[in-house]
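Just follow the structure's listing: the first ligand is 1, and inside any ligand the first atom is 1.
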Amino acid sequence: MKKFTVFVILGTRPEAIKMAPLIIQLNKNENFICKVVSTGQHKEMLKQVFTFFKIKVDFELNVMTKNQTLSSLSQKIILGLDKLFLNNKPDLIYVHGDTTTSMVSSLVAFYHQIKIAHIEAGLRTNNLLSPFPEEANRKINGVLANLHFAPTENAKKSLIKENTEKSKIFVTGNTVIDALFLTKNKLKSNNELTFDNGLKLKSLKDKKIILVTGHRRENIGEGFISICKALKTIANRHEQVHIVFPVHLNPNVKDVVFKYLSQVNNITLTSPFSYPEFVNIMSASYLILTDSGGVQEEAPSLGVPVLVMRDTTERPEAVEAGTVKLVGANCDRIVDEVSLLLTNKKYYFDMSKSSNPYGDGEACKKIISQTIDFLT
Ligand code: UD1
Ligand code: UDP
């Protein structure tokens with residue numbers, strides 16, 4: 001039997017989390033020889049994911065530098081992948097979502113006439129500057145891909161609107177739900193989970209935990225200053241809350257957050273959590289404030305309300321389900337919305353209904369089955 005050689009290419013934390021269940025299943029499937037290519041766009045935050053999911057990297061490009069620019073990052077990935085594909089040509093590559101890693105990988109694979117499968121295809125805000133540069137990245141991936149794995153019907157509609165060939169689009173759900181379910185199962189069998197960075201969840205058991213993450217380029221500068229001011233006001237105004245903020249390693253985020261928030265009593269700033277730690281604390285949280293894409297998909301499944309500190313979202317399904325709300329990065333708006341969720345029980349109850357608009361945990365199975373049909 002002929003085996004298909006496929007490369008799973010990833011570089012950032014969310015790509016690794018969302019590709020991990022696919023790598024695990026491809027490795028078990030006798031139709032495939034699966035190789036993992038890491039661009040190393042992220043370093044420490046990527047390693048955390050590899051360690052937890054026991055992912056072995058076959059090709060490492062190791063491109064990350066401190067405060068990298070989009071152009072220098074792209075240039076290094078282009079050169080690294082070009083060299084790799086000259087010596088190792090797979091039947092197909094999998095890329096994910098909208099990062100520089102995924103967009104550049106599609107481009108280089110296209111130059112080498114290698115087939116491309118795009119996972120998490122069809123997400124759109126229809127605003128090229130928000131999120132920047134991700135909206136452009138995912139559109140470019142859409143133009144170059146041979147297979148489009150859309151997480152939702154809505155994403156499929158967006159692809160069709162752009163004249164993507166219908167027969168190449170498959171609605172699979174988002175693989176992040178596969179990763180979440182896998183992790184929750186592992187957590188169930190390991191009640192002893194402790195936090196590497198010393199955080200003690202038990203000591204917060206009488207508090208309402210507000211979990212915060214943030215990293216979007218559009219929020220860097222004014223946006224993060226405004227977010228930090230809002231968090232300080234919330235912490236001072238509501239004694240019953242404890243804010244837990246695992247800070248992204250981007251120096252443009254880290255420096256501002258530590259400058260404004262490191263001295264506030266009921267705010268804990270930590271280094272990024274490993275994925276199981278993060279899933280654990282998401283589940284224990286009263287509400288989540290974030291500008292992250294992945295967190296908007298995971299939290300509804302856990303029944304935790306999310307306020308999104310952005311003006312746009314490419315994930316409208318949970319907003320429509322009423323469990324996620326866009327609040328932007330405006331200080332007063334964030335303070336008001338959090339206060340409402342802390343004080344209005346009915347409002348809180350309505351937002352904390354669990355819903356699963358992003359998948360049923362079977363996305364990877366569907367992706368693998370469609371890939372076999374396509375390659376055969
Ligand atoms: C990238 C993705 C974004 C994704 C995010 C997930 C692009 C254009 N952006 O943004 O879509 O949502 O990852 O987090 O691809 N750093 C470290 N160690 C790490 C990771 C980052 O030190 O493990 C620092 C480095 O100084 C690096 C900087 O963060 O230069 C920015 O990293 P980069 O990948 O360029 O951008 P992100 O904002 O993380
Ligand atoms: N996450 C994590 N540790 C943290 C914060 C987030 O493992 O300290 C996970 C989170 O559960 C989600 C993913 O990282 O699956 C989101 O990554 P990020 O916000 O960096 O990127 P985005 O989803 O916005 O592309």
Open item on the list: Check this for me: does any side-chain nitrogen of one of Arg216 and Glu134 sit under 4.0 Å from a carboxylate oxygen of the other?
Closed with: yes
Using a 4.0 Å cutoff against the non-hydrogen atoms of [X], which atoms of ligand 1 qualify?
X	result
Arg216	3 (C), 11 (O), 12 (O)
Pro14	6 (C)
Pro133	8 (C)
Glu134	2 (C), 3 (C), 7 (C), 8 (C), 9 (N), 11 (O)
Asn67	25 (C), 26 (O), 27 (C), 30 (O)
Leu70	8 (C)
Met45	19 (C), 20 (C), 23 (O)
His248	14 (O), 39 (O)

- [ ] Answer yes or no: does an N/O atom from Thr99 fall short of 3.5 Å to an N/O atom of ligand 1?
- [x] no
- [ ] Consider every N or O of Glu44 and every N or O of ligand 1, then say whether any pair is closer than 3.5 Å.
- [x] yes
Which pairs would a plain distance check flag for residues 103-112, meaning a side-chain donor or acceptor within less than 3.5 Å of a matching protein atom at least two apart in sequence or in another chain?
residue: Ser105; atom: OG; partner: Thr101; partner atom: O; Å: 2.5
residue: Ser106; atom: OG; partner: Ser102; partner atom: O; Å: 3.2
residue: Ser106; atom: OG; partner: Asn141; partner atom: OD1; Å: 2.6
residue: His112; atom: NE2; partner: Asp82; partner atom: OD1; Å: 2.6

For [X] and ligand 2, does the shortest N/O to N/O distance drop below 3.5 Å?
X	result
His215	yes
Gly293	yes
Phe278	no
Phe273	yes

Open item on the list: Against ligand 1, does Asn252 come closer than 4.0 Å with any heavy atom?
Closed with: no
Open item on the list: Measuring from non-hydrogen atoms of Arg217 to any atom of ligand 1, is the shortest distance under 4.0 Å?
Closed with: yes
For a quick test of your reading: what N or O donor-acceptor pairs under 3.5 Å do the side chains of residues 171-180 make, sequence neighbours left out?
residue: Asn174; atom: OD1; partner: Val176; partner atom: N; Å: 2.9
residue: Asn174; atom: ND2; partner: Glu120; partner atom: OE1; Å: 3.0
residue: Asn174; atom: ND2; partner: Glu297; partner atom: OE2; Å: 3.2
residue: Thr175; atom: OG1; partner: Lys18; partner atom: O; Å: 2.6
residue: Asp178; atom: OD1; partner: Ala363; partner atom: N; Å: 3.2
residue: Asp178; atom: OD2; partner: Ala363; partner atom: N; Å: 3.1
residue: Asp178; atom: OD2; partner: Cys364; partner atom: N; Å: 2.9

Nearest protein heavy atom with distance in Å, relative to [atom]:
atom	value
atom 23 (O) of ligand 2	Gly294 N, 2.7 Å
atom 13 (C) of ligand 2	Ile17 CD1, 3.8 Å
atom 20 (O) of ligand 2	Arg13 NH2, 2.8 Å
atom 12 (O) of ligand 1	His215 CE1, 2.9 Å

Nearest-option assignment for [atom], heavy atoms, candidates [options]:
atom	options	answer
atom 22 (O) of ligand 1	Met64, Lys66, Lys43	Met64
atom 8 (C) of ligand 1	Ile17, Val253, Thr100, Thr101	Thr100
atom 10 (C) of ligand 2	Glu298, Arg310, Lys18	Glu298
atom 39 (O) of ligand 1	Gln68, His42, Arg13, Lys47	His42

Task: Residues, nucleotides or ligands: over 12 heavy atoms within 6.0 Å of Asn265 CG - done: no
Task: Modelled atom types, side-chain donor and acceptor of Thr213 and Thr290, under 3.5 Å - done: yes
Task: Within reach of ligand 2, part of Arg216 (heavy-atom separation under 4.0 Å) - done: side chain
Task: Side chain Glu135, main chain Thr125, donor-acceptor under 3.5 Å - done: yes
Open item on the list: Would you say the rings of Tyr286 and Tyr348 are close, in the sense that their centroids are separated by under 6.0 Å?
Closed with: yes
